[in-house]
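The next block holds one structure in the form of structure tokens; read it before the comments.
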Amino acid sequence: MTTDLASILSDLRTDHRNVTIMLNLLDREIAETGDLNEPDFELMRDIMLYMTVYSDAVHHPKEDLVYAALAAAGAEFAAGLENVESDHRDIGVLGRTLRHEIDAVLTGTAVARERVIEDTLDYIRLLRLHMSWEEEDLFLRADRLAEDAASGLDLTYLDTPDPVFGLRTHLGFSNLLAHIHRAADSGTTG
Ligand SMILES: [Fe+2]
Ligand SMILES: [Fe+2]
């Protein structure tokens, strides 16, 4: 099944808006943490689950395919984008590490709270930088490719709906979705 590049780019941009909501929620949890206030580790676990089962497993591989299409279209399209795949690997490793640390907190295994907070802040920083680079460079080149030629990509193995923002929210994410709605109502997910 081939999907046209323009609609893939539209989906990728939607994913970025949704990931921004997740990162803002993480940011808020950390900002509100203090001597008397623990982060909501269950919420953080749900967010990191989403980031690993959807962003790392579906969103980033789609972007890798977009990069491969740019590389196939010629050096002028792909020059300077070589880091995209290794960036995705680094983000995946940090995301899995953070998810395991949060799981460890929730199961009572000794893990320093400061370590989790530091890794969360690193994760937020890395993802925001990565997404803005993609939006300002990778996606714009792919827009040009989509205009130049009727190009499409085979997404057969990546045709997985978003488990939170898709038409049906996976049951395990209903608590996370409720948090997102509350934060949107209070205007804090921006
Ligand atoms: Fe990416
Ligand atoms: Fe992305």
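These numbers come from a predicted model, not from an experiment. When a ligand or atom number is given, it counts from 1 through the structure's own listing order.
- No side-chain heavy atom of Thr3 sits less than 4.5 Å from a side-chain heavy atom of Leu153.
- Counting heavy atoms from C-beta outward, Met22 and Leu127 have side chains that stay 4.5 Å or more apart.
- Between Leu26 and Met48 there is a side-chain heavy-atom pair separated by less than 4.5 Å.
- The shortest side-chain heavy-atom distance between Asp90 and Val93 does not fall under the 4.5 Å cut-off.
- Note on ring orientation: taking the six-membered ring where Trp is involved, the planes of Trp133 and His130 are tilted (angle from 30° to 60°).
- Relative ring orientation between His59 and His16 is described as tilted, the plane-to-plane angle lying within the 30° to 60° band.
- Legend: protein N/O/S atoms lying under 2.8 Å from the Fe ion (ligand 1), waters omitted, number 4.
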